[in-house]
Amino acid sequence: MSDKKPTSKSNATDSREALLQAAVQVFAEKGFAGATVKDLADEAGVNVSLVSYHFGGKEGLYRSCLEGFASERLESTERILSAPTSKEDFRVRLKLFAEEMVDIFQRNRHTCKIVNRGIDSLDPVTLEIFKSVFYRVFGALHGFVESAQRSGFVRQDCDTEISTIFMFGGLMHINRSQDLARALGKRTLDEPVYKTQAIDQWVRNNTEGIFTP
């Protein structure tokens, strides 16, 4: 394998994309601290120098794996969770949000695992990205619940932050538990009927307890 930098735009694009795809798997398995530049290059099948060439080093590659993914999630969440105009509109938008989050998990399991590993280990790079982007997804959901409360759809004695924690946490837990459910032979979100049932139950649990009579 040559030590030279890519000599064409095509080669540069190919090696950059190979590193991004490989990094998602390596970081999901080993975390930011556990992964080495050699691990990343070996998984991508490229020279180790290309990590610095394309991303400025391991941290830059790690950020590239997460920041685009996080920004897309925020944009989608803010689009779906605009202020509800009725209780039914609240239910519909909450269900769309849940469906989007579940679909994201199913399409990006390795990236979601990177986020979970980073939060569990409290590594500073993941926490910085989490605070700057991912936490804004939680904030958008909280704002959605607060707007429903201001409109009289949600009870005034409801603590909207606690309710949002329950909503967000429950959705994240069912996503994170899929590998365990699969290993135990339980139903998973890969089954369309179960996926629909789980989301509908989540919506009921998170509306019937907070709606005004």
Side-chain angles (χ1 to χ4, degrees), residues 24 32 62-178 189 194-213:
V24 169
F32 175 71
Y62 186 79
R63 287 180 179 278
S64 293
C65 288
L66 292 181
E67 286 178 339
F69 172 79
S71 297
E72 288 177 11
R73 302 294 68 76
L74 178 61
E75 181 181 345
S76 174
T77 297
E78 290 178 337
R79 171 176 48 81
I80 292 171
L81 296 181
S82 58
T85 57
S86 66
K87 290 181 181 179
E88 183 56 29
D89 187 39
F90 184 97
R91 288 191 187 94
V92 169
R93 291 184 181 280
L94 197 62
K95 183 175 180 179
L96 288 172
F97 171 73
E99 290 173 340
E100 174 80 2
M101 295 297 285
V102 169
D103 286 344
I104 287 166
F105 173 82
Q106 292 181 300
R107 294 195 310 267
N108 301 276
R109 289 176 179 170
H110 289 304
T111 306
C112 292
K113 189 173 181 179
I114 293 172
V115 176
N116 292 331
R117 283 187 67 112
I119 294 171
D120 289 343
S121 66
L122 299 180
D123 87 70
V125 180
T126 306
L127 284 178
E128 180 188 332
I129 297 171
F130 185 87
K131 287 188 291 185
S132 63
V133 185
F134 283 109
Y135 189 67
R136 290 168 62 190
V137 174
F138 175 87
L141 180 59
H142 185 204
F144 176 71
V145 178
E146 284 189 315
S147 67
Q149 188 179 59
R150 289 193 297 270
S151 296
F153 311 139
V154 168
R155 299 197 325 260
Q156 291 304 305
D157 64 349
C158 171
D159 186 307
T160 57
E161 183 175 24
I162 292 174
S163 293
T164 305
I165 290 171
F166 288 157
M167 289 180 183
F168 202 78
L171 199 56
M172 293 304 98
H173 177 73
I174 193 170
N175 280 327
R176 293 187 69 172
S177 67
Q178 291 307 290
L189 296 174
Y194 177 69
K195 176 179 173 180
T196 298
Q197 290 175 337
I199 290 173
D200 286 346
Q201 185 67 57
W202 179 85
V203 171
R204 285 196 298 273
N205 289 352
N206 289 290
T207 54
E208 294 177 2
I210 65 173
F211 276 169
T212 53

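Keep in mind it's a predicted model, so treat the numbers as computed, not measured. Starting from 1, each residue takes its place in the sequence as its number.
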Checklist entry - Which residue pairs pass the salt bridge (charged side-chain N to carboxylate O under 4.0 Å, His left out) test with at least one member in residues 104-117, sequence neighbours excluded? => result R109-D190
Checklist entry - Sequence neighbours excluded, which residues qualify as side-chain hydrogen bond (donor to acceptor under 3.5 Å, both in side chains) partners of D159? => result none
Item to check | Interatomic distance, R136 atom CZ to E78 atom CD [nearest 0.5 angstrom] | outcome: 6.0 Å
Next on the checklist: Nearest 0.5 angstrom please: I210 CD1 to N205 CG, how far?
Outcome noted: 11.0 Å
Checklist entry - Are the side chain of W202 and the backbone of M167 linked by a donor-acceptor contact shorter than 3.5 Å? => result yes
Checklist outcome for this item: Sequence neighbours excluded, the answer for ring pair (Phe, Tyr, Trp, His ring centres under 6.0 Å) partners of F153 is none
Next on the checklist: If I compare all heavy atoms of A198 with all of I174, which pair ends up nearest, and what's the gap?
Outcome noted: CB-CD1, 3.8 Å
Item to check | Sequence neighbours excluded, every pair satisfying side-chain hydrogen bond (donor to acceptor under 3.5 Å, both in side chains) that has a member inside residues 141-151 | outcome: H142-T160
Checklist entry - Could you give the distance from CZ (R79) to CD (E100), rounded to the nearest 0.5 Å? => result 6.0 Å
Checklist entry - Is the backbone N or O of I80 less than 3.5 Å from a side-chain atom of R93, with the two atoms forming a donor-acceptor pair by type? => result yes
Next on the checklist: Looking at every heavy atom in both K195 and V102, which two are closest together, and how far apart are they?
Outcome noted: CE-CG1, 3.8 Å
Item to check | Candidates T207, I199, D89 - the one meeting side chain to side chain contact (heavy atoms under 4.5 Å, CB included) with L94 | outcome: T207
Next on the checklist: We want to know whether S76 and R73 form a side-chain donor-acceptor pair, criterion being a heavy-atom distance below 3.5 angstrom.
Outcome noted: no
Next on the checklist: Surrounding CD of Q201 (heavy atoms of other residues, nucleotides or ligands, distance under 6.0 Å), is the total greater than 12?
Outcome noted: yes
Checklist outcome for this item: Minimal heavy-atom distance between F97 and V137, with the atoms involved, is CE1-CG1, 4.2 Å
Checklist entry - Which residues pass the ring pair (Phe, Tyr, Trp, His ring centres under 6.0 Å) test with Y135, sequence neighbours left out? => result F138
Checklist entry - Between CZ of F69 and CD1 of I114, what distance do you get to the nearest 0.5 Å? => result 9.0 Å
Checklist entry - Can you list the residues that meet the ring pair (Phe, Tyr, Trp, His ring centres under 6.0 Å) rule with F144, with sequence neighbours excluded? => result F90
Checklist outcome for this item: V115 and L66 have their tightest heavy-atom pair at CG2-CD2, 3.8 Å
Checklist entry - If you measure from OG1 on T77 to CG on L141, what distance do you get to the nearest 0.5 Å? => result 8.5 Å
Item to check | Q106 side, atom CD; M101 side, atom CE - distance, nearest 0.5 Å | outcome: 12.5 Å
